[in-house]
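In this chain, numbering begins with 1 at the start of the sequence shown.
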Amino acid sequence: MSQGSVHNSWKLKMSQFFHASLVCLGSTCTTNVDNMYFYMQIEHVCALRRQRALKPGQSPYRALLETLELTNTKLTLQLINDNNKVRLLLELYRLQGNMTRVKINELKPLKPRFEVPDVLINDPPTEPLSLLSQDENGVVLSLGADSQWLIVSAKPFRLDIMEGREVLLSLNSRGLLAFEHLRIRKDTPGWLFSPAGPSSISLDFSLPGVEHVYGIPEHADSLKLKTTDGGDPYRLFNLDVFQYELFNPMALYGAIPVMLSHSAQRTMGIFWLNAAETWVDISSNTAGKTVFGQMLDYVQGSSETPQTDVRWISESGIIDVFIMLGPTPTDVFSQYASLTGTQAFPPLSALAYHQCRWNYNDQEDVAAVDQGFDEHDIPYDFIWLDIEHTDGKRYFTWDPHKFPQPKDMLQGLIDKRRKMVTIVDPHIKVDSSYKIHNEIRSKGFYVKNKDGGDYEGWCWPGNSGYPDFTNPEMRAWWASMFAYDQYEGSMENMYTWNDMNEPSVFNGPEVTMHKDALHGNWENRDLHNLYGLYVQMATAEGLIERSGGVERPFVLTRAFFAGSQRYGAVWTGDNTAEWDHLKISIPMCLSLGLVGVSFCGADVGGFFKSPSTELLVRWYQTGAYQPFFRAHAHLDTPRREPWLFGPENTALIREAVRQRYALLPYWYQLFYHAHHSGQPVMRPLWVEYPHDTATFSTDDQFLLGRDLLVHPVTEEGASGVTAYLPGKGEVWFDVHTFQKHNGAQNLYIPVTISSIPVFQRGGSIIPRKARVRRSSSCMEHDPYTLFVALSPKRFAQGELYIDDGHTFNFDKQKQFIHRRLSFANNALSSRNLAPGSQFITPSWIEKIVILGASKPSKATLKTPDGKESLLEFEFDASMSVLTLRKPGVNAGVDWTVVLQ
């Protein structure tokens, strides 16, 4: 949650701070105080201003070919800036999996420059580079597969990656490499912000043939990134932003410096591994052309190849960039996952519905809300407690008057097979009677100020210290605080929410930590965007440790970085109860999924302000089909539990939530795949239809896995929506009516307030559970219904994944069931996909619904013991739907149903 009205008390001080500070290159930067308060006018940031003053042209950098060294693992080569004679060291690596790594650092820096630790899951394995040719102009290296070459040009320095005669990507082709070397301090304006002096870095990338780029979350913007010519660049700097603006490149709570490019020919990725404040400029030679202008180019045979140019700028650190060469979207996801890991596999219950607000008042309030869900027959799994549950904003504690018996409260939830999340923020009240503070101070674990004392700032508890989560000893201690004997009142059904971990400092510049605060030997400016990742990492480790390494954790974070996917879920922060905020939740989550973070959602209903009943219903309907499904609301808003808006709206919300619960087997299966392969759960249409240009800019609808297409209703008063159904020669089935529609068309769908347009792809099989109960755990052993949607060739394929839903036994002991479901030649079969695994489930197959079917004369079930039995069935000729009732076979064994 943002600090809201707390902000106003700091406005004057902050405006004075910025007015005194924003002196760049000898001239005072002016800024609008209100805009500056919410986010600094970024063209006035000193490093950015210096870098943006450089214009494309002849690069001053030259490769010194005589210094080239080639080993089995890398190529090294010195670069010289002919203007100031400073030398840089270039390192080139060919990585396994069709990736190239480029590192550039000072050859002899005055002191070490920061290199990001703990984000890569290992030292990426390399493959040998081979030198094909060399002359005074440069060198040509082989990248191995598919006739790929790396060309190093000497003067000016430039890198080109080619496939055959086609340039895939160029570095420094516009001459914007700039590396501010560390130097002995002088009393000049350039040293205003950093004691080390200017240290920013920049590099440009050119992408021939590319018009569409995506990623670099977090921004409240369209899925396809816009050009920044004449405007502000996309900014990556984790901030607590109050009531953020939409369609704006301003920084938000998280930063993942990964961009994907996509064309009908190829998908690629750029991973800029730098945790300092970063800006991204995008330009395109087709930007601004009208549709008519593009058609004119086509008719007149314009020879200009589309190209997108991207420039990355960071305030400090080194250039360390991974170029992921695809060539398919799936390849890029796998490549990025091999570097930073995959989405943590959540407990199944975390994929169900979460009920939250700031704040549930006391134990009685929690019990009443819990009972309200039962009385109104709405399932939920988690109820959340915000900061007011603590004793004076002291985390790891309980308010002794409002929550005197937390274990009794938690046991009441356990009795209903439900769970709780409590908030644990990383600002610690400075209070000598507070155990957590005393231990952190005595161990020297707080972040330090530039003078060596503990850094302190203002946050929810008042004066607060900030633990240095970059210190592994601090993280280990923090993790130990989640032990049941340390976190008093906690139990096994209690999980954790890390908010305000950008970190938020109410009286700090831009409401965050001063850049000269010290984390060991490093300034906050060097590693700022890592802080939130480290908080979630330590918290997740604590939840794992408290169970002896048995139970999977669930941790929600607001701030994040590359690699955060390994530790839990994120949400889009403090949104507003407005229709545009509902709409923007789709591209925001899609952008996160493209760069590894599948477990994403937005506050259902909007955090700030109060939604109309129509908006609230539509938000539940949208959120039910987004990965993280949680309602949340600000302290000052009226209560909005689902039953408070009249019986008709209660019924609509109930139906949306029940659709989520019925689909949990499919959600769980998608997260299993995300955990194993890095494929996003919620994905843009172009990921599955990479050659269909009609999908490249679509961000008002999305796919869940390959097989479900969702087009939520996000317009006020809508009477219809137009969904694009992709796939020439394919068919899609409305999951509610079973109506069949052809692919490769724009389909107009009339809607009422109860409509959630969702379509199942012909050729897929999706498992559901029809018996929705009060929580997902209550449905654990319930039977499955299989929805078989036939392709035009009367084929379908799907999977069924089952494990215990909450432990690591699926990984450590191979205790799971993974089945391949196939329909071909009028037979539906289930076969084992994991012969080495073992798990027993009491769940069985209750019903099979075949869409696009013909009426059989009989249906026979065959089991491995050789037994055959006839199945009852119903056939709806008007919709071509065949329903097979009670096959009764166990979900974990081989079986076949033959239609005759």
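The CD1 atom of Ile802 sits 10.5 Å away from atom NE2 of His818, with the distance rounded to the nearest 0.5 Å. Distance check: Ser791 OG to Phe823 CZ gives 9.5 Å after rounding to the nearest 0.5 Å. With rounding to the nearest 0.5 angstrom, the NE2 atom of His354 is 12.0 Å from the CG atom of Asp603. With rounding to the nearest 0.5 angstrom, the CG atom of Leu790 is 10.0 Å from the OG atom of Ser880. Annotation: the span from Thr722 atom OG1 to Asn746 atom CG amounts to 6.5 Å, rounded to 0.5 Å. We find the CE-OG1 distance between Met259 and Thr308 to be 9.0 Å, quoted to the nearest 0.5 Å.
At a threshold of 4.0 Å, the pair Arg417-Asp381 does not count as salt-bridged, since none of the basic side-chain nitrogens sits closer than that to a carboxylate oxygen. A salt bridge links Lys583 with Glu715: the distance from a Lys NZ or Arg NE/NH1/NH2 to an Asp or Glu carboxylate oxygen falls below 4.0 Å. The pair Glu846-Lys886 does not count as a salt bridge, with every side-chain nitrogen at least 4.0 angstrom from each carboxylate oxygen. A salt bridge between Arg706 and Glu688 is present, with a side-chain N of the basic residue lying under 4.0 Å from a carboxylate O of the acidic one.
Of the N and O atoms on the side chains of Asp692 and Trp686, not one donor lies less than 3.5 Å from an acceptor on the other residue. Looking at Thr785 and Arg768, their side chains never bring a donor and an acceptor atom within 3.5 Å of each other. With hydrogens and angles left out, the side-chain atoms of Thr342 and Gln565 include no donor and acceptor closer than 3.5 Å. For Asp803 and Tyr801, the side-chain atoms include at least one donor-acceptor pair closer than 3.5 Å. Arg820 and Asn832 form no side-chain donor-acceptor contact under 3.5 Å, judged by distance and modelled atom types alone. A donor-acceptor pair shorter than 3.5 Å cannot be found between the side chains of Asp699 and Ser222. Counting only N and O atoms by type, the side chains of Tyr689 and Glu730 include a donor and acceptor under 3.5 Å apart. Side chains of Thr752 and Ser754: a donor-acceptor N/O pair is present below 3.5 angstrom, by distance only.
Ser755 and Pro750 make their closest contact through OG-O, 4.4 Å (heavy atoms, listed as atom of the first residue, atom of the second, distance). In terms of heavy-atom proximity, Pro767 sits nearest to Pro665 at O-CB, 3.8 Å. Nearest heavy atom pair, residue Ile586 against residue Pro712, reads CD1-CG, 4.0 Å.
Each ring pair (Phe, Tyr, Trp, His ring centres under 6.0 Å) pair with one or both residues in residues 692-747, not counting sequence neighbours, appears once here: His212-Phe696, His262-Phe696, His741-Phe759.
Considering only heavy atoms from C-beta on, Trp667 comes within 4.5 Å of Pro627 through its side chain. The shortest distance between side-chain heavy atoms of Ile584 and Phe247 falls below 4.5 Å. With a 4.5 Å cut-off on side-chain heavy atoms, Asn890 and Thr841 count as touching. Ser261 is not listed as a side-chain neighbour of Thr267, based on a closest heavy-atom distance of 4.5 Å or more. The shortest side-chain heavy-atom distance between Leu871 and Val897 falls under the 4.5 Å cut-off. Residues Lys847 and Leu884 are not in side-chain contact: their nearest non-hydrogen atoms beyond the backbone lie 4.5 Å or more apart. Between Phe810 and Asp804 the shortest side-chain heavy-atom distance does not fall below 4.5 Å. In this structure the side chain of Leu747 reaches within 4.5 angstrom of the side chain of Ile749, judged on heavy atoms.
Under the 3.5 Å distance criterion, the side-chain polar atoms of Gln343 are matched with a main-chain donor or acceptor of Gly568. Side chain of Ser837 to backbone of Phe816: a donor-acceptor contact under 3.5 angstrom is found. Remark: the backbone N or O of Ala624 is paired with a side-chain donor or acceptor of Arg660 at under 3.5 angstrom.
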Assess whether side-chain contact (heavy atoms from CB on, under 4.5 Å) is satisfied between Asp782 and Ser843, documenting all intermediate values.
CA-CA 5 Å; Asp782 281 351; Ser843 296; 5.7 Å; no
List the steps and the verdict of salt bridge (charged side-chain N to carboxylate O under 4.0 Å, His left out) for Lys224 and Glu211.
CA-CA 9 Å; Lys224 178 193 173 184; Glu211 295 182 79; over 6 Å; no
How far apart are the C-alpha atoms of Arg774 and Asp377, what are their side-chain angles, what is the distance that settles it, and do they pass the salt bridge (charged side-chain N to carboxylate O under 4.0 Å, His left out) test?
CA-CA 7 Å; Arg774 63 166 48 140; Asp377 194 26; over 6 Å; no
Just do the side-chain hydrogen bond (donor to acceptor under 3.5 Å, both in side chains) check on Asn825 and Arg794 with the steps written out, would you?
CA-CA 8 Å; Asn825 301 317; Arg794 300 184 58 76; over 6 Å; no
side-chain hydrogen bond (donor to acceptor under 3.5 Å, both in side chains) between Ser334 and Asp331: does it pass, once the steps are laid out?
CA-CA 5 Å; Ser334 298; Asp331 292 329; 5.6 Å; no
Using the side-chain contact (heavy atoms from CB on, under 4.5 Å) rule, take Leu594 and Phe333 through it: C-alpha gap first, then chi angles, then the decisive distance, then the call.
CA-CA 7 Å; Leu594 289 175; Phe333 302 141; 3.8 Å; yes
Could you walk me through whether Ile766 and Gln760 pass the side-chain contact (heavy atoms from CB on, under 4.5 Å) check?
CA-CA 8 Å; Ile766 290 181; Gln760 182 173 342; 3.8 Å; yes
As a quick check of understanding, evaluate side-chain contact (heavy atoms from CB on, under 4.5 Å) for Glu799 and Leu821, giving each step before the final call.
CA-CA 5 Å; Glu799 296 177 21; Leu821 305 171; 5.9 Å; no
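Counting non-hydrogen atoms of other residues, nucleotides and ligands closer than 6.0 Å to NZ of Lys769 gives a total above 12. A 6.0 Å sphere centred on CD of Gln900 holds more than 12 heavy atoms belonging to other residues, nucleotides or ligands. Heavy-atom contacts from other residues, nucleotides or ligands closer than 6.0 Å to CD1 of Ile840 number 12 or fewer.
When Glu868, Arg831, Lys862 are each tested for a side chain to side chain donor-acceptor pair (under 3.5 Å) with Thr896, only one passes: Arg831. Under the ring pair (Phe, Tyr, Trp, His ring centres under 6.0 Å) test applied with Phe382, the options Phe554, Phe628, Tyr353 reduce to a single match, Phe554. Here the options are Leu615, Thr572, Asn575, the test is side chain to side chain contact (heavy atoms under 4.5 Å, CB included), and the partner is His581; only Asn575 passes.
Ring-centre distance between Tyr668 and His673: not below the 6.0 Å cut-off. Ring-centre distance between Phe345 and Tyr672: below the 6.0 Å cut-off.
The side-chain tip of Arg773 does not point at the ring of Tyr661 from less than 6.0 angstrom away and within 45° of straight on.
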Identify each donor-acceptor pair in which a side-chain atom of residues 643-651 lies under 3.5 Å from a protein atom, sequence neighbours left out, and give them as a table.
from   : atom 1 : to     : atom 2 : distance (Å)
Asn649 : ND2    : Phe645 : O      : 2.9
Thr650 : OG1    : Pro642 : O      : 3.4
Thr650 : OG1    : Gly646 : O      : 2.9

